[in-house]
Amino acid sequence: MASTVIKGGTVVTADLTYAADVKVEGGVITEIGPNLTGDTLLDATGCYVMPGGIDPHTHLEMPFMGTYSTDDFESGTRAALSGGTTMVVDFALPSPGQSLLEAIQMWDNKSTRANCDYSFHMAITWWGEQVFNEMETVVRDKGINTFKHFMAYKGALMVDDDEMYSSFKRCAELGALPLVHAENGDVVAQLQAQLLAEGNNGPEAHAYSRPAKVEGEATNRAIMIADMAGVPLYVVHTSSEQAHEAIRRARQNGMRVYGEPLIQHLTLDDSEYGHHDWDHAARRVMSPPFRNKKHQDSLWHGLAAGSLQVVATDHCAFTTEQKRYGVGDFTKIPNGTGGLEDRMPMLWTYGVVTGRLTMNEFVAVTSTNIAKILNVYPKKGAILVGADADIVVWDPKLEKTITAESQQSAIDYNVFEGKEIKGLPRFTLTRGLVSVEDGEIKTREGHGEFVAREPFHAVNKALSKWKEVTAPRKVQRTGIPASGV
Ligand SMILES: NC(=O)NCCC(=O)O
Ligand SMILES: [Zn+2]
Ligand SMILES: [Zn+2]
């Protein structure tokens with residue numbers, strides 16, 4: 001079997017940093033150590049050899065707000081690999097009333113073009129006996145152990161507390177993990193209507209309609225519901241101190257709650273919405289919106305302290321033309337931004353280069369933590385013998401200025417335009433295939449495979465055990481007095 005050896009680099013994992021060569025055969029890592037030989041040699045001198053990034057939050061070719069996000073599984077995963085990300089997790093999104101299994105079929109069809117491995121979360125967009133029953137098939141037969149709940153997008157994707165509690169309890173039974181988009185959708189809907197009525201119809205009103213408080217409230221509510229259901233919880237796109245505080249407090253109280261800041265929220269702020277150019281501001285419309293520096297600091301601190309665990313992108317890329325559906329009515333601007341290609345270099349530049357994160361923390365929050373949370377570690381997220389050879393050979397000296405012109409993403413702009421980054425992949429390997437080599441993109445369409453994920457990981461088991469141990473029990477009494485009647 002042909003072998004590839006990554007030679008002369010420093011292996012950096014979530015917990016170790018050491019000099020070693022890494023040998024790859026048949027798409028997996030077969031040896032780690034000094035002086036390895038092989039058929040093809042990749043020179044990693046001066047580089048860090050790290051687990052490829054995992055982006056657990058993407059929306060490729062997603063039907064949303066009357067259109068489809070423009071990056072599909074081909075351009076989206078090409079962009080991912082170009083920036084050192086070797087696995088994405090996308091959301092299968094049934095329309096209200098649609099079968100969950102039908103939605104998986106649709107996502108299966110789209111993902112055949114993927115250049116790197118991928119997995120799916122299932123969204124719970126409506127509730128009923130059919131959904132309850134199909135959740136079991138989704139977990140047991142389809143390899144999906146995560147269910148997403150939108151607490152916002154009223155009248156479209158939003159579910160209410162009753163539905164969420166029912167679904168969370170079902171997740172607990174099935175050994176699955178619920179995810180939430182935490183914003184109070186009722187309050188947002190009223191604020192939107194009020195702002196429009198007052199003539200506030202520009203993209204900046206998108207941010208006014210989604211203050212940090214509505215995120216904080218929903219995060220607290222989801223945490224309480226998960227606690228009552230006896231299930232862990234993953235909060236997507238945590239963007240504010242209020243949401244972070246809720247997660248931090250829950251964790252201090254022994255709850256298994258995870259928070260996922262996005263690279264956009266960490267590095268871009270709400271001044272973008274005040275830009276004089278409508279297009280500039282609209283291109284940055286996403287939910288939750290960008291926040292101020294105080295919130296950004298809180299997110300960075302959470303990553304360093306471990307109260308927030310994962311950095312994602314929520315890559316949901318719409319062209320300028322699509323964003324213009326919302327001229328005159330900000331509620332019609334398709335929500336979402338890009339970031340797949342830039343997540344790792346931006347986090348390295350603003351995190352590791354500045355000293356806010358260590359290299360090992362960088363690996364933890366871009367790859368290893370989410371691999372553990374999703375129950376795919378150490379197949380993914382690890383440099384270990386037997387792990388998939390999803391590897392990024394990171395050159396800390398490579399520099400570039402981000403431009404839309406030079407990106408892989410299919411959209412016509414980049415929200416990080418002009419940012420100067422330091423640290424880029426010299427090589428990216430996806431299950432052993434070298435798909436980025438010295439800046440040259442050599443992706444292979446269709447190389448990506450679906451990654452099935454088993455239910456009932458350690459956290460679910462611990463929580464169900466604890467729930468059983470602490471369940472309310474009838475007091476057994478020796479004597480019962482006669483009734484007073
Ligand atoms: N985040 C966003 O604005 N768009 C994608 C859908 C979602 O995750 O809320
Ligand atoms: Zn969301
Ligand atoms: Zn999303």
Side-chain angles (χ1 to χ4, degrees), residues 1-14 16-55 73-88 111-119 143 340-341 344 363 366-368 371 376-396 398 408 424-452:
M1 192 185 296
S3 60
T4 303
V5 172
I6 302 168
K7 271 206 91 60
T10 301
V11 174
V12 178
T13 67
L16 290 172
T17 305
Y18 60 101
D21 300 340
V22 177
K23 187 171 192 166
V24 173
E25 288 164 303
V28 296
I29 298 173
T30 53
E31 220 179 324
I32 303 170
N35 308 318
L36 302 184
T37 54
D39 303 314
T40 307
L41 301 184
L42 302 178
D43 179 12
T45 311
C47 291
Y48 302 119
V49 181
M50 308 189 287
I54 301 172
D55 189 336
F73 275 83
E74 196 289 309
S75 63
T77 54
R78 179 157 36 86
L81 286 165
S82 151
T85 289
T86 53
M87 177 175 168
V88 300
S111 58
T112 52
R113 299 182 59 212
N115 295 292
C116 70
D117 286 359
Y118 57 92
S119 195
L340 255 172
E341 188 165 356
M344 305 265 285
V363 173
T366 56
S367 185
T368 306
V376 289
Y377 184 85
K379 176 180 167 66
K380 302 292 186 190
I383 302 288
L384 286 174
V385 170
D388 281 357
D390 281 5
I391 301 172
V392 60
V393 178
W394 195 260
D395 188 338
L398 280 179
Q408 299 299 318
L424 282 162
R426 185 184 291 179
F427 305 106
T428 310
L429 285 76
T430 151
R431 267 183 301 103
L433 177 75
V434 181
S435 54
V436 177
E437 186 164 359
D438 286 324
E440 200 187 327
I441 307 297
K442 299 176 155 184
T443 48
R444 190 190 297 157
E445 188 174 325
H447 170 76
E449 288 178 358
F450 177 73
V451 180

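Starting from 1, each residue takes its place in the sequence as its number.
Ser367 places a side-chain N or O within 3.5 Å of a backbone atom of Gly52 that can act as its donor or acceptor partner. Judged by distance alone, the side chain of Ser3 and the main-chain N or O of Asp39 form a donor-acceptor pair under 3.5 Å. Thr4 places no side-chain N or O within donor-acceptor distance of the main-chain N or O of Val24, the cut-off being under 3.5 Å. With hydrogens and angles disregarded, no donor-acceptor distance shorter than 3.5 Å links the side chain of Ser111 to the backbone of Ala114. Here the side chain of Asp21 pairs a donor or acceptor atom with the backbone of Gly8 at under 3.5 angstrom. Within the 3.5 Å criterion, the main-chain N or O of Leu81 finds a donor-acceptor partner in the side chain of Thr428.
Checked by atom type, the side-chain pair Ser82/Gln408 shows no donor-acceptor distance below 3.5 Å.
The structure places CD of Glu25 at 8.0 Å from CD of Glu31, a figure rounded to the nearest 0.5 Å. We find the CZ-OG distance between Arg113 and Ser75 to be 7.5 Å, quoted to the nearest 0.5 Å. Put simply, CZ on Arg431 and CG on Asp117 are 4.0 Å apart, with the number rounded to the nearest 0.5 Å. Between Tyr18 atom OH and Thr13 atom OG1 the span is 6.5 Å, to the nearest 0.5 Å. Atom OG1 of residue Thr112 and atom CD of residue Glu74 lie 11.0 Å apart, to the nearest 0.5 angstrom.
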Asn115 vs Thr430, test: side-chain contact (heavy atoms from CB on, under 4.5 Å). Steps then yes/no.
CA-CA 8 Å; Asn115 295 292; Thr430 151; over 6 Å; no
Could you please spell out the steps behind the side-chain contact (heavy atoms from CB on, under 4.5 Å) verdict for Thr77 and Val88?
CA-CA 8 Å; Thr77 54; Val88 300; 4.2 Å; yes
Mind running side-chain contact (heavy atoms from CB on, under 4.5 Å) on Ile29 and Lys23 for me, showing each step along the way?
CA-CA 6 Å; Ile29 298 173; Lys23 187 171 192 166; over 6 Å; no
For Ile54 and Tyr377: C-alpha separation, side-chain torsions, deciding distance, then whether side-chain contact (heavy atoms from CB on, under 4.5 Å) applies.
CA-CA 11 Å; Ile54 301 172; Tyr377 184 85; over 6 Å; no
Identify every side-chain donor-acceptor pair in residues 382-389 under 3.5 Å, counting partners at least two apart or on other chains, and give the distances.
from: Asp388; atom 1: OD2; to: Lys379; atom 2: NZ; distance (Å): 3.0
from: Asp388; atom 1: OD2; to: Lys380; atom 2: NZ; distance (Å): 2.8

Can you list, pair by pair, the side-chain donor-acceptor contacts under 3.5 Å of residues 40-49, counting residues two or more places apart and other chains?
from: Asp43; atom 1: OD1; to: Thr45; atom 2: N; distance (Å): 2.9
from: Asp43; atom 1: OD1; to: Thr45; atom 2: OG1; distance (Å): 2.4

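Taking both residues in full, the closest heavy atoms of Gly84 and Val392 are given as CA-CG2, 3.9 Å, listed atom of the first, atom of the second, then distance. For Val363 against Val12, the heavy-atom pair with the smallest separation is CG2-O, 3.7 Å. The two residues Leu429 and Thr86 make their nearest non-hydrogen contact at O-CG2, 3.5 Å. When all heavy atoms of Thr85 and Met87 are compared, the pair lying nearest together is CG2-O, 3.5 Å. For the residue pair Met344 and Thr366, the shortest heavy atom distance occurs at SD-CB, 3.6 Å. The minimum heavy-atom distance between Pro425 and Gly83, with the atom names listed, is CG-C, 3.7 Å.
A 4.5 Å side-chain heavy-atom check between Asp55 and Leu340 finds at least one atom pair inside the cut-off. Val436 has its side chain out of reach of Lys442: every pair of non-hydrogen atoms, C-beta onward, lies at least 4.5 Å apart.
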